[in-house]
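Notes follow the structure.
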Amino acid sequence: MDLLLGSEDLAFRDEVRSFLADNVTPDMRRSVDLTTGFLVEPDVLIELHRALHRKGWSVPHWPVEYGGTGWSPVQRYIFDLECGRAGAAAYNASGSHFVGPVIIRYGTPAQKEKYLPGIRSGEDYWAQGYSEPGSGSDLASLKTRATSDGDDYVINGQKIWTTLAHRANRIFALVRTSSAGKRQDGITFLLIDMDTPGISVRPIIGNGGDHEFNEIFFNDARVPKANRIGEENKGWEVAKYLLEFERGGRVLAGQVRGQFVKLVQLIAARCPDDRELRTRLAELGGDLDAMEMIDVSVLSTQQAGGNPGPISSLLKLRWSEIRQAIAELAVDAAGEEALRWLPERPFYRTLQLPPEEEEIAAVIPRYLNSRAYSIMGGTSEVQTNILAKSLVGL
Ligand SMILES: Cc1cc2nc3c(=O)[nH]c(=O)nc-3n(C[C@H](O)[C@H](O)[C@H](O)COP(=O)(O)OP(=O)(O)OC[C@H]3O[C@@H](n4cnc5c(N)ncnc54)[C@H](O)[C@@H]3O)c2cc1C
């Protein structure tokens, strides 16, 4: 999208560019670029996050009184686009983009004071404890039980697919505090320290050999009731609010635009005269432009203090499709040469190749990883169901 930027926005863009040029090192850029896992390892990004924090830019989307920047939607868009172009990525979206807005909306003053500074500074790294074996799309069926005992809950049960939980020092989790009535009415939202006795983390190794996912087991883990967000048995509302931010509260345009630019370069270098690939590329470019417009309009809603709302499901669905289409087109453009490379994580740390070969080597791992977009954060089918109910009224 070619925004017609005014002189103030252009000056802002230059400031962002110059900050990123100073703080995104070539090694970090290469690491982000070649990470084939779903998330980039925190140690790759922590220095950038700290620099953003010193600049006052680590949580630009938060209200100003909690450390946000008060940027206009266009400035936020510029910031994310420039981050994408520079090869930067979010340090811990589960903290800054998911649970942060939840604590701001539902947390007590004491909870805000305790948790928000660690998210801003990067001292805390948060994991998401929603899914359980048998409770993914049907999340309300979750069984991890929290039993009241004085000032504490005693937690027993299991979470699964918990991304980078082995790197996290905190986790937000949904637990069952009642089995009476509607399933949604017996769920409570808790903030939990990962070093709580009774919590153990077991790796799930991905089919590429990577350790990104985990299972988490709770065995009589005691969690203070003071860590509860909102009322007991009212966690479903909090959980859904968080999901709106997970699905549609981030500007993905910058990141996806970065991938799209690489795809253009790949096709230009390898098969510039292939009409079919060029047509698909042009269609994708149009889709990307349209999504950027929608991203900015959703940012305007949030600027007015709102949450993304049901449109977050539309964003999640379409961004997944576009990201997967970019990865698929890259495979077709790279051809069978791409098959020489198997995924290996952390890919960037093991690869010693000239830059043009790195791009080819990353094609298959990125394609395999892109399959996750339509599953994580709620599958595409689930988003379609939500849209049917909330927007079309079916
Ligand atoms: C990369 C990645 C990272 C993740 N990170 C985390 C994390 O950090 N924390 C966490 O809690 N979870 C995480 N997850 C788990 C994720 O939220 C679940 O995988 C997802 O919600 C789907 O649940 P499931 O795997 O149990 O699949 P299921 O719910 O069993 O779904 C299986 C299939 O059935 C379809 N289906 C199910 N119900 C319906 C329906 N009603 N209508 C139509 N189709 C339906 C689904 O669309 C899917 O195709 C992650 C997943 C991925 C891929």
Side-chain angles (χ1 to χ4, degrees), residues 35-42 89-99 102 125-144 155 157-176 183-184 187 189-192 194 199 201-208 210-218 235-236 238-240 242-247 250 252 255 312-313 316-317 319-321 323-324 327 343 345 365-390 394:
T35 292
T36 54
F38 180 64
L39 293 179
V40 179
E41 292 276 343
Y91 165 66
N92 179 213
S94 288
S96 58
H97 287 77
F98 304 175
V99 79
V102 158
Y125 194 92
W126 286 83
Q128 177 176 32
Y130 273 28
S131 306
E132 296 182 7
S135 302
S137 302
D138 187 15
L139 188 57
S141 67
L142 63 91
K143 294 185 183 62
T144 295
I155 319 286
Q158 183 195 346
K159 298 289 172 183
I160 196 168
W161 310 124
T162 327
T163 313
L164 292 182
H166 55 298
R167 301 277 190 244
N169 64 327
R170 299 195 196 275
I171 181 168
F172 54 88
L174 298 177
V175 293
R176 181 155 299 288
R183 297 179 311 172
Q184 286 83 348
I187 291 172
F189 191 106
L190 291 181
L191 308 179
I192 303 175
M194 287 296 289
I199 296 183
V201 177
R202 190 160 77 191
I204 299 175
I205 304 301
N207 59 6
D210 49 291
H211 176 197
E212 185 164 32
F213 294 128
N214 299 278
E215 293 175 286
I216 302 191
F217 297 90
F218 297 88
W236 189 245
V238 182
K240 284 196 302 179
L242 184 143
L243 283 173
E244 284 181 24
F245 288 89
E246 178 171 359
R247 291 166 179 166
R250 280 173 294 168
L252 286 176
Q255 210 182 81
S312 55
S313 289
K316 164 76 172 54
L317 183 65
W319 275 129
S320 302
E321 290 167 351
R323 291 164 107 181
Q324 289 181 343
R345 183 187 166 95
R366 277 190 201 145
Y367 167 80
L368 293 174
N369 192 265
S370 77
R371 309 320 300 162
Y373 296 139
S374 49
I375 303 171
M376 45 70 59
T379 66
S380 289
E381 290 79 10
V382 166
Q383 306 317 313
T384 312
N385 285 346
I386 293 173
L387 288 170
K389 274 190 206 150
S390 59
L394 293 175

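As the structure lists them, so they are numbered: ligands from 1, and atoms in each ligand from 1. What you see below is based on every heavy atom in this structure, not just the backbone, and it leaves out hydrogens, waters and symmetry mates.
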Thinking salt bridges, do Arg167 and Glu41 make one under a 4.0 Å N-O criterion?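 Salt bridge flag = yes for Glu41 with Arg167.
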Quick one: does Arg323's side chain have a donor or acceptor within less than 3.5 Å of a partner on Ser370's backbone?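 Not confirmed, Arg323 side chain does not pair with Ser370 backbone.
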Given side chains that start at C-beta, do those of Ser137 and Glu381 come closer than 4.5 Å, heavy atoms only?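 No. Closest side-chain heavy atoms not under 4.5 Å.
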Note down each nitrogen or oxygen pair, ligand 1 side and protein side, whose separation is under 3.5 Å; give only atom names and the distance to 0.1 Å.
residue  : atom   : partner : partner atom : Å
ligand 1 : 5 (N)  : Trp161  : O            : 3.1
ligand 1 : 5 (N)  : Thr163  : OG1          : 2.6
ligand 1 : 8 (O)  : Trp161  : O            : 3.4
ligand 1 : 8 (O)  : Thr163  : N            : 3.0
ligand 1 : 8 (O)  : Thr163  : OG1          : 3.1
ligand 1 : 9 (N)  : Gln128  : O            : 2.7
ligand 1 : 11 (O) : Gln128  : O            : 3.4
ligand 1 : 11 (O) : Tyr130  : N            : 3.0
ligand 1 : 11 (O) : Ser131  : N            : 2.7
ligand 1 : 11 (O) : Ser131  : OG           : 3.2
ligand 1 : 12 (N) : Ser131  : OG           : 2.8
ligand 1 : 17 (O) : Ser131  : OG           : 3.3
ligand 1 : 23 (O) : Ser137  : N            : 3.4
ligand 1 : 29 (O) : Ser137  : N            : 2.9
ligand 1 : 29 (O) : Ser137  : OG           : 2.6
ligand 1 : 42 (N) : Asn385  : ND2          : 3.1
ligand 1 : 47 (O) : Thr379  : OG1          : 2.6
ligand 1 : 47 (O) : Glu381  : OE1          : 2.6

Looking at every heavy atom in both Lys159 and Phe218, which two are closest together, and how far apart are they?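 Looking at all heavy atoms of both residues, the shortest contact is CG-CE1, 3.8 Å.
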Ring geometry between Phe98 and Phe172 (parallel below 30°, tilted from 30 to 60°, perpendicular above 60°):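 Aromatic pair Phe172/Phe98 classed perpendicular.
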Show, in sequence, the C-alpha distance, side-chain angles and deciding distance for Glu132 and Thr144, and conclude whether the side-chain hydrogen bond (donor to acceptor under 3.5 Å, both in side chains) test is met. CA-CA 8 Å; Glu132 296 182 7; Thr144 295; 2.7 Å; yes
